[in-house]
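Inspection log for the structure reproduced underneath, given as C-alpha cells.
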Amino acid sequence: MTNYLAGQQFSVGVGVSTVLADMDFETYSDAGFLFDGEKYVGATKNKRGLPLVGAAAYAEHYSTEVLSLAYDLKDGAGPRLWVPGLPYPQDLFDYIAAGGLIEAHNSGFEFFVWYYVCHCRMGWPFLAIEQLRCSMAKAKAYSLPGKLETAAKVVQAVELKDESGTATMRKLSVPRKPTKKNKSLRWTPQLNPAEFDTLYRYNIQDIRAEAALSERTPDLQPDELALWILDQQINARGVYIDPTALDCCIAIFEQAQEKYNQELRYITGGLISEASKLADTIRFLASYGIHTDGLDDEAVTTLLARKDLPPVVRRVVEIRSMLGSSSVKKLYAIKHRLNSDGRIRGLFAFCGADRTGRFAGRGPQPQNLPNSGPKTKHCSEIHGCGQYYSKDLDACPYCGLQEQFSESKGWSPESVESTFQLFQHKSLDYAERVWPDSVAAIAGSLRGLFTAAPGYDFLCSDYSAIEGVVAAMLAGEQWRIDVFRTHGKIYEMGASKITGVPFEEMMAHAGYTDTSFDGWWLPKQTGDHHPSRKTIGKISELASGFGGWVGAWLRFGAGDFMTEPEIKKAILAWREASPAIVEMWGGQHRKAPDRWEFTPELYGLEGAVVSALLSPGQCFEYRGIVYGHSVSDDVLYCRLLSGRYICYHKPRLTPITARNGMEEYQISYEGCGGEGGGWVTMTTYSGKLFENVVQATARDILTHAMLNLDKAGYPIVLHVHDEVVCEVPEGSGSIEELERIMAVMPPWAKDWPIKAAGGWRGKRYRKD
C-alpha cells in the first residue's frame with residue numbers, strides 16, 4: 001500500500017500528476033424503484049436505481065442516505081472511514097472550510113450526495129464545485145476508460161478496485177426483496193453486520209485504487225481544468241423542462257402503445273404481443289421470407305423502402321417503426337431524471353465521446369435529439385385559422401379549409417408549439433386528427449421540452465460548417481478557405497468542382513441575381529437549390545473529408561441516385577480538387593506521376609505517426625500537428641495547435657502488404673471502442689487520424705467560446721459540437737453580443753473564418 005502525501009508529484013508521459021486528498025461515498029436509495037405494496041420493483045424493465053435516475057435526482061430522493069464515507073487527507077494519517085452513528089468527520093470539515101481540494105472518481109456523484117444529503121439534510125458545510133477534482137475526468141482526458149476498475153488495470157496501478165466487494169455494494173445499496181422469514185425492505189448493519197464490514201473495506205479500497213489511478217494519469221492542463229469546472233457547473237445548473245408538455249407527450253405515447261400493440265396482436269394472431277418484442281418480430285418476418293438481423297432505425301427504414309413486402313408484414317414494420325423509436329423513449333429518460341425544481345441535471349460527460357475530448361450526452365442525451373418532425377402544412381391565416389397540421393391531410397382539421405389554401409412547411413418552432421397545445425387534451429384520437437403519426441410529432445417536439453425557466457430566455461447560436469473550416473485551415477486548402485472567407489457556399493462550390501457545372505450556373509439556378517460573391521454580402525435566394533448541391537455537393541463534403549470511399553457515400557444515401565462506378569469517379573474528382581487535404585491525410589508511399597508505380601515515402605499525418613513510432617522519443621510534425629511516442633507510458637501523443645494532446649495507448653506498427661502490393665505498416669493502438677465501451681485493440685489510418693485532429697480542434701474552438709461566454713455572464717445550460725444554449729433573465733443579454741463572444745477565436749486560430757450566425761432568442765430549445 002502506497003502512502004501518498006498531498007502535493008507529491010509524479011511524472012506521467014508529457015505531464016505530471018499531483019497528489020490530492022480524496023473521498024468516496026457508499027449510499028443507499030430506493031430512487032429508481034417502485035413500491036407495489038409488498039416489495040420494491042424496478043421502475044423500468046432494463047434500468048433501475050442510479051443508472052435510471054442519474055446522480056442529481058438520486059441524491060435528492062428522500063430515501064437516499066450515506067452508508068459510509070471513506071476519505072484520506074493525504075496528511076500521513078492514512079484512509080479514514082465515517083459511518084452513521086459516529087461523530088462527524090471534523091478534520092474533513094476543517095480541510096474543506098480552509099478551501100482544500102478533494103478528489104473523487106466521478107466527482108459529480110460525490111458533489112450531489114454531499115450537497116443534497118450531507119449539506120441540505122445533515123447540516124455539513126458547503127462544498128464548492130471549484131474545490132473538487134476528478135480522477136475519472138483525468139482518465140478520460142488521457143483516453144482511458146471511465147470505469148475505475150478497467151482504467152486501473154490498463155495503467156497497471158499499484159492498487160486495484162476490490163471487485164469481489166462489488167456484489168456486496170450492489171446488494172446493500174438498493175432495496176431487498178422481503179421473504180416470509182425476513183420482511184425487511186432493505187439491509188442494515190443490524191441485520192447483516194458481516195456484509196457491512198465488507199462494504200466498509202470495499203469503500204476504503206476504492207479511495208486507494210482511485211489514488212493509484214490518479215498517480216498514473218496526468219493532471220488536466222490549466223485550460224482543460226477550467227473547462228472541467230465549467231462542465232461541472234453546467235451539469236449542476238441543469239436545464240428546465242416543461243412539465244405539462246412532458247406529461248401530455250407521455251400520455252399520448254402510452255395511448256399509442258396500447259392502440260397499436262393491440263392491432264399488432266390482432267394482425268399477427270398473437271404471435272407478436274408488443275412492438276418491443278424483437279425476437280418475435282424477426283421470427284414473424286422470417287415466416288414470410290423477410291430476413292433481417294435487427295430492427296433498429298436503419299434496418300426498419302431499409303425494410304419500408306422495399307416494394308415486395310406483403311401488406312401484413314409492411315404494417316408490422318410500420319408499427320415497429322412507430323413504437324420502437326429510440327427518440328420517443330427519451331420522454332422517460334427526462335421524466336426519471338427530473339429534480340424537484342423542474343430541472344434535469346448531469347446531461348454531459350467531460351471527454352466522454354471519444355479520445356478527441358468531445359463531450360458525450362447522458363440520460364436523454366441532448367446531443368442527438370431529432371432535428372425535425374412530420375412534414376407539415378400551414379393553414380392560411382387570411383382565409384383560415386393559421387394552424388399547423390400534417391401534410392398527409394387534404395384539409396385543415398381545425399377549420400376544414402381545403403389544402404389549396406395551405407402552404408407546405410418544414411417542421412418549425414411554431415409546429416412544436418401547436419403540437420403541445422393539441423396534446424393538452426391527452427387524447428390520441430384527437431391528436432391523430434391533426435398528426436396521423438402522432439408519435440413522429442412527439443419525436444419532433446422533444447427539443448421543445450427543454451425550456452427556459454419562468455422569467456428567463458434562451459439565447460442560442462452555433463458555428464457555421466465548423467469542421468469544414470477547420471479541415472481547410474489545418475490543411476491549407478486555399479480555395480476552400482476562400483469560400484469560407486466570402487460566401488460560404490461550400491456545397492455548391494464542391495459540387496461544381498466535381499461535376500464541372502460552373503459555380504455561377506448553380507447560383508443562378510437558385511435565383512441569385514448577383515453571382516460574383518466577392519464579399520460577405522449575399523443577394524436573396526429566389527429559386528430552388530441546384531440538384532447537385534444536395535446530392536453531389538453535400539454528400540461529398542460529409543463522406544469524403546476523412547478519406548471515405550464508396551461505403552461512406554452509400555451510408556449518406558448516394559446509392560439512391562448514383563451507381564458505384566459513378567461514386568468512385570466523384571470521389572476521385574473530389575480528391576483531385578482537394579489535394580492539400582489529401583496530402584494532410586498522408587501515407588507511406590506515393591504513386592509516380594503518370595505511372596502505376598509507387599515509391600516508399602512517409603508524408604502527412606500518417607507519415608508523421610509512422611515516423612514517431614519508428615523513432616520513439618523523437619517528435620514529427622506536419623502543419624503544426626506534432627506526434628511523439630513516449631516509451632515511459634507507451635503512449636503516442638498528438639499535440640494539437642491548442643497545445644492539448646490526443647493520446648493513443650500502446651501504439652504498434654505491424655508490417656502488411658497494401659492493396660497496391662507495397663509493403664507498409666498497419667497502425668494500431670488500444671482504446672475504448674469495443675462493444676459496451678470495452679478496452680480493445682483498434683487500427684487507424686490516414687483519414688481517421690485527420691478526422692481525430694479536425695474534431696478535436698473544432699472542440700477546442702467551441703470550448704474556448706464556452707469559457708468566454710461564462711466569464712461574460714452567459715450561463716450555459718446546453719451545448720452540442722457546434723452550438724451553445726445560454727439561459728438569461730428576460731430582457732438581458734443579446735444574440736449580437738453572444739455571437740461576438742463566440743467569434744473571438746483562440747490565438748492559434750485568430751484569423752480563421754469561423755462564424756457564429758443564425759442565433760435566436762426564445763423560450764424553447766429548437767433547431768432552426
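Along the sequence shown, residues are numbered consecutively beginning with 1.
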| query | Is it true that R590 and E664 make a salt bridge, defined as a side-chain N closer than 4.0 Å to a carboxylate O? | reply |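 Salt bridge flag = no for E664 with R590.
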
| query | Do R315 and E318 sit within salt-bridge range, that is, some charged N less than 4.0 Å from a carboxylate O? | reply |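 Yes, this pair counts.
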
More than 12 heavy atoms of other groups within 6.0 Å of [X] [atom1]:
X	atom1	value
K767	NZ	yes
D437	CG	yes
E576	CD	no
K538	NZ	no
Y665	OH	no
Q478	CD	yes
D308	CG	yes

Should [X] and [Y] count as side-chain neighbours, where that means a heavy-atom distance under 4.5 Å?
X	Y	result
Q695	I466	no
I754	V470	yes
E691	K688	yes
L641	M473	no
F359	D231	yes
E663	T657	yes

Scan the side chains in residues 490-499 for donor-acceptor partners under 3.5 Å anywhere in the protein, sequence neighbours excluded, and list what turns up.
{"from": "E492", "atom 1": "OE2", "to": "R533", "atom 2": "NE", "distance (Å)": "2.9"}
{"from": "S496", "atom 1": "OG", "to": "V501", "atom 2": "O", "distance (Å)": "2.6"}
{"from": "S496", "atom 1": "OG", "to": "F503", "atom 2": "N", "distance (Å)": "3.3"}
{"from": "T499", "atom 1": "OG1", "to": "A495", "atom 2": "O", "distance (Å)": "2.7"}
{"from": "T499", "atom 1": "OG1", "to": "V501", "atom 2": "N", "distance (Å)": "3.2"}

| task | Take S578 and R480 through the test side chain to side chain donor-acceptor pair (under 3.5 Å) and record every step on the way to the result. | result | CA-CA 8 Å; S578 301; R480 290 176 174 273; 3.1 Å; yes

| said: Could you check whether H721 and Y463 have their ring centres less than 6.0 Å apart? | reply: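 Y463 vs H721: aromatic centres not under 6.0 Å.
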
Are any side-chain N or O atoms of [X] and backbone N or O atoms of [Y], one a donor and one an acceptor, separated by less than 3.5 Å?
X	Y	answer
S445	V416	no
W553	I539	no
R623	L474	yes
R314	R306	yes
T535	P531	yes
S321	V317	no
E739	G759	yes
E606	S686	yes
S143	C647	yes
S544	E541	no

| Chi angles and distances behind the side chain to side chain contact (heavy atoms under 4.5 Å, CB included) call for I234, H719 | CA-CA 10 Å; I234 293 170; H719 56 89; 4.2 Å; yes

| request: Take I625 and E621, measure what side chain to side chain contact (heavy atoms under 4.5 Å, CB included) needs, and give me the verdict at the end. | output: CA-CA 5 Å; I625 306 300; E621 178 264 347; over 6 Å; no

| query | What orientation do W585 and W574 show, parallel under 30°, tilted 30 to 60°, or perpendicular over 60°? | reply |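 The arrangement is parallel - the two ring planes meet at less than 30°.
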
| query | Can you say whether the rings of Y288 and F284 are parallel (under 30°), tilted (30 to 60°) or perpendicular (over 60°)? | reply |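 Y288 vs F284 ring planes: tilted.
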
Side-chain donor-acceptor pair under 3.5 Å between [X] and [Y], yes or no?
X	Y	result
Q221	R644	no
Q588	E601	no
E723	S461	no
S415	S412	yes
S630	D633	yes
Y648	D634	no

Using every non-hydrogen atom in the two residues, find where [X] and [Y] come nearest and quote the distance to one decimal.
X	Y	result
L347	L718	CD1-CD2, 4.0 Å
A151	P145	CB-O, 3.4 Å
V154	K650	O-NZ, 3.8 Å
C672	M682	O-CE, 3.9 Å
A608	Y627	CB-CD1, 3.8 Å
Q367	F348	NE2-CD2, 4.0 Å

Could you tell me the separation between the [atom1] atom of [X] and the [atom2] atom of [Y], rounded to the nearest 0.5 Å?
X	Y	atom1	atom2	result
S327	L446	OG	CG	6.5 Å
L554	M562	CG	CE	9.5 Å
W752	I481	CH2	CD1	9.5 Å
L144	R355	CG	CZ	11.0 Å
Q666	T684	CD	OG1	10.0 Å
K409	T376	NZ	OG1	8.0 Å

| query | Does the pair V693 and L640 meet the rule for a side chain to side chain contact (heavy atoms under 4.5 Å, CB included), with working shown? | reply | CA-CA 7 Å; V693 170; L640 303 167; 4.2 Å; yes

| message | Under the criterion side chain to side chain contact (heavy atoms under 4.5 Å, CB included), I'd like the reasoning laid out for V610 against Y603: C-alpha separation, chi angles, the key distance, then a yes or no. | response | CA-CA 9 Å; V610 173; Y603 64 98; over 6 Å; no

| request: Start with the C-alpha distance between R639 and Y645, add both sets of side-chain angles, then the distance that settles side chain to side chain donor-acceptor pair (under 3.5 Å), and finish with yes or no. | output: CA-CA 5 Å; R639 192 180 70 203; Y645 293 93; 4.8 Å; no

| query | Is there a ring-ring contact (aromatic ring centres under 6.0 Å, His included) between H649 and Y142 once you walk through the steps? | reply | CA-CA 9 Å; H649 290 264; Y142 193 43; 4.8 Å; yes

| said: Between H589 and F598, is the ring-ring contact (aromatic ring centres under 6.0 Å, His included) condition met? List the steps. | reply: CA-CA 6 Å; H589 49 258; F598 293 86; 5.6 Å; yes

